[in-house]
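In what follows, a structure is listed as structure tokens, so that the remarks can point back to it.
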Amino acid sequence: MSAFDQLARPVQKWIRSRGWSELRDIQARSTNIILGSDKDLIVAASTAGGKTEAAFLPLISQVLGDETEVRSGFDLVYIGPLKALINDQTKRLEDICTDVDLPIVPWHGDISASIKSRAEKRPRGILLITPESLEALFIRKGASIPHLFGNAKAVVIDELHTFLDAERGVQLRSLLTRLELAISRPVRRIGLSATLGDINLARTYLRPDAPNDVETVIAEGGEAELLLQLRGYISSGDDNEGDAATTEIAKHLFENLRGSDNLIFAGSRGRVEEFADRLRSLCEQAHLPQEFYPHHASLSKDHREFVEARLKDDALPTSAVCTSTLELGIDIGDVKCVAQIGPPFTVAALRQRLGRSGRREGEPAILRQYAIEGRLDANAHFSDRLRLGLIRSIAMIELLLKGWCEAPRPNALQLSTLVHQILSIIAERGGTSAKRLYVTLCERGPFSAVGPETFLAVLRQLGRSDIALIEQGEDGFLLLGRVGEKLVEHYSFYAVFNTPDEYRIVHDGRELGTLPVSQVLAPKLTLIFSGRRWEILEIDDRDKVILVKPARAGKPPLFGGDAGNIDDRVIEKMREIFEQDDIPRYLDAVASELLVDARTSFRNFGFANKRIVELGESRTALALWCGSVKTTTLALALRAMGFKVEQYDGFIELDGRETDTTVAAALAQLADDVSPNLFPENSNLIFEKFHPYLSTELLQLDALSSRLDAKSLPELASNLVS
DNA sequence: GACCTGCTGCGGCGTG
């Protein structure tokens with residue numbers, strides 16, 4: 001029987017009404033799997049590839065075909081990372097279900113309480129919900145979970161790749177485990193994704209205890225042709241009005257993108273505003289209607305929706321200068337070209353961004369990468385001479401072309417999210433045993449890297465009288481403590497990630513700008529802002545103001561601000577690019593020259609055949625050839641041995657003036673596995689939402705499991721000396 | 001050396 005014939009009559013009718021002559025390949029394949037088995041499934045295809053239909057046409061057919069007794073509960077559950085995405089998908093599903101008695105129920109923070117309470121009384125149809133709202137259901141309506149979800153035939157997770165990493169993904173996995181435990185049976189899981197670097201990781205995410213049973217449907221041959229250019233620019237070093245590179249890039253964008261829809265990723269909100277402003281005035285000077293608009297999270301919802309609607313409107317040419325706000329799958333239609341100014345932080349993001357272009361049959365995807373490098377003088381620093389930004393841009397493009405992208409670090413403890421889930425389960429059940437928590441979270445759930453000892457240490461910490469997140473009842477049951485009760489009561493509890501407050505940074509009565517602050521700050525500590533170190537004089541928490549003065553030689557923070565995390569593979573690729581001679585064809589004349597330049601400096605410094613280079617005045621450069629995690633670990637170790645350390649992509653620079661140890665001796669010691677304490681006193685380890693409740697010991701464990709890699713030290717050090 | 005994501009319950013008031 002063909003895939004089409006397996007679908008329910010009303011679904012077939014809808015397909016015909018759309019004028020489709022047949023199902024797309026991925027839709028036919030997933031229909032066969034969904035209607036022919038009860039297996040989990042991942043559907044990977046580009047944004048316009050029809051993934052939603054691939055999952056829901058057969059799932060709706062299955063629901064309509066099931067005429068057994070009427071049970072209570074939603075038939076299908078869709079989980080999406082964005083409210084806007086849920087709104088888009090609600091419309092699409094409503095359209096499919098126009099002539100069918102299957103309610104579509106969007107459920108997130110902007111949905112009115114009346115719709116929610118109606119759905120809660122008589123749950124049926126398709127629920128579309130965010131992880132946070134699902135979390136809220138577990139906490140507020142713990143006892144009704146079986147009533148709400150007992151009937152669920154499948155959970156569809158949209159944009160699966162956004163959940164693979166970090167806090168929110170761990171939270172969702174934990175919720176899925178808890179859902180299955182609450183209704184005492186597994187529920188089929190279906191993941192939809194555009195960007196997947198490693199399909200096996202996605203399988204493990206979707207069904208950790210049986211990844212090999214997860215079926216996959218991957219769109220084939222649909223990859224559009226890619227047109228690619230990397231243009232090089234030399235900065236005049238003028239930070240203010242007229243940096244030559246900014247002016248030139250804006251002009252190039254104006255001349256080449258005008259008249260069509262495009263996305264310009266500028267890296268930070270400040271740069272988004274800067275480029276949007278330049279492009280706006282270029283339009284004005286030419287007496288042309290406005291078509292370049294900024295888009296980032298600080299702009300009002302109205303403005304953002306206006307830009308999104310304009311992008312969707314084929315009649316109005318529109319280019320959005322944006323941050324990662326326009327990276328995910330909200331519906332803005334196809335764009336002609338994606339521009340990236342400066343290197344992106346991950347290949348995964350670059351891939352996701354590029355996926356916005358070239359989605360129409362026969363149209364190429366177009367990537368315009370702009371690299372800005374400084375003008376060199378006789379005193380130029382080794383890291384500037386090596387043109388690390390340009391080299392990283394090339395490395396990331398090369399890895400993109402190979403289809404590689406970053407994978408999350410396995411075995412991270414995720415203690416902040418663990419604290420959250422402990423409180424959530426206690427709230428859901430009104431109290432529970434330590435044993436049950438351990439089984440739910442660590443044995444069955446996503447915290448498999450947390451052993452019984454660490455788990456107990458966390459429980460004991462949360463139960464301390466000065467922490468008071470949990471307490472033990474007379475029967476040994478764990479209950480919420482005084483502070484825990486307060487935390488869980490407030491609606492801000494549901495999200496597992498931190499939202500930093502924006503503080504105004506003020507020096508001598510002059511505002512330097514605003515800074516999102518997620519770490520704990522205090523007077524006398526230093527912070528990094530607009531490329532400089534500042535000592536904190538005073539913090540006004542109520543008015544969100546930080547008074548600062550320029551720091552002399554204050555201790556630099558353990559991890560500078562919101563440090564990017566560059567993968568080992570990216571740095572390896574950078575090394576290959578330094579060591580080769582060929583010039584990639586997609587480089588323009590300036591970029592080619594800069595690359596030749598960088599390679600010459602690389603050889604002149606001697607990095608071609610050694611990894612330790614004396615720079616003079618007790619300064620030494622080390623070529624580590626590894627990513628941020630290992631680089632930071634080594635930097636901390638050497639700092640503990642008295643060196644001053646600066647980090648760059650794949651390199652560090654040491655200043656040994658204040659220590660008697662030589663670089664060689666220090667490395668020999670590390671190679672011998674004599675590791676100093678990586679954590680200096682008073683070092684800040686608070687980055688995630690529930691970190692403030694953990695002990696220093698637990699925070700160090702957490703950091704070692706995700707941000708640092710102490711085990712790599714001896715090998716790294718011995719490679720350097722040999 | 002950066003960006004992004006999310007949020008309940010209830011009191012008070014007006015209207016039909």
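Numbered from 1 within each chain, the chains take letters A, B, ... in sequence-line order.
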With sequence neighbours left out, write down each residue that passes ring-ring contact (aromatic ring centres under 6.0 Å, His included) with A/His381, or none if nothing qualifies. A/Tyr648
Less than 5.5 Å between centroids and less than 30° between ring planes, does A/Phe345 satisfy that with B/dA2? yes
Should the pair A/Arg707-A/Glu688 be classified as a salt bridge under the 4.0 Å nitrogen-to-oxygen rule? yes
A/Ile341 atom CD1 is separated from B/dA2 atom P, nearest whole Å, by 16 Å
Rounding to a whole Å, what distance do you find between A/Arg271:CZ and B/dG1:P? 13 Å
Classify the side chain of A/Asn565 versus the base of B/dG1 as yes if they form a donor-acceptor pair under 3.5 Å and no if they do not. no
The contact string for nucleotides 7-16 of chain B, one letter per nucleotide 5' to 3', using protein heavy atoms under 4.0 Å with B, S and - for base, sugar-phosphate only and none, comes out as BBS-------
The side chain of A/Ile566 is closest to which nucleotide in this list: B/dA2, B/dG1, B/dG6? B/dG1
DNA chain B nearest-nucleotide lookup for A/Ala297 and A/Pro343: closer to the 5′ end is A/Pro343
Any pair with a residue in residues 623-637 of chain A that passes salt bridge (Lys or Arg N to Asp or Glu O under 4.0 Å), sequence neighbours left out, goes on the list, sorted by first then second residue, please. A/Asp568-A/Lys630
What is the separation between atom CG on A/Leu85 and atom C1' on B/dG6, rounded to the nearest whole Å? 14 Å
Could you check whether A/Glu308 pairs with A/Lys301 (Lys NZ or Arg NE/NH1/NH2 to Asp/Glu carboxylate O, under 4.0 Å)? no
If you measure only the distance, is there a donor-acceptor pair under 3.5 Å linking the side chains of A/Glu135 and A/Ser424? yes
Considering only NZ, NE, NH1 and NH2 on the basic side and carboxylate oxygens on the acidic side, decide whether A/Arg168 and A/Glu132 come within less than 4.0 Å. yes
Which whole-number value in Å describes the distance from A/Leu388 CG to B/dG1 C1'? 12 Å
Parallel, tilted or perpendicular: rings of A/His420 and A/Phe690 (30°, 60°): tilted
Looking only at the side chain of A/Ser324 (C-beta and beyond, no hydrogens), which of the listed nucleotides B/dA2, B/dC3, B/dG6 gets closest? B/dC3
CG of A/Asp158 versus P of B/dG6: gap in Å, rounded? 13 Å
Grab the CZ-P distance between A/Arg392 and B/dA2 for me, whole Å please. 11 Å
May I have the distance from A/Phe163 (atom CZ) to B/dC4 (atom P), rounded to whole angstrom? 18 Å
Interatomic distance, A/His420 NE2 vs B/dT5 P [rounded to whole Å]: 19 Å
Base, sugar-phosphate alone, or nothing: which one does A/Arg353 contact when heavy atoms must sit under 4.0 Å apart? nothing
Are any of A/Arg269's side-chain N or O atoms less than 4.0 Å away from OP1 or OP2 of B/dC4? yes
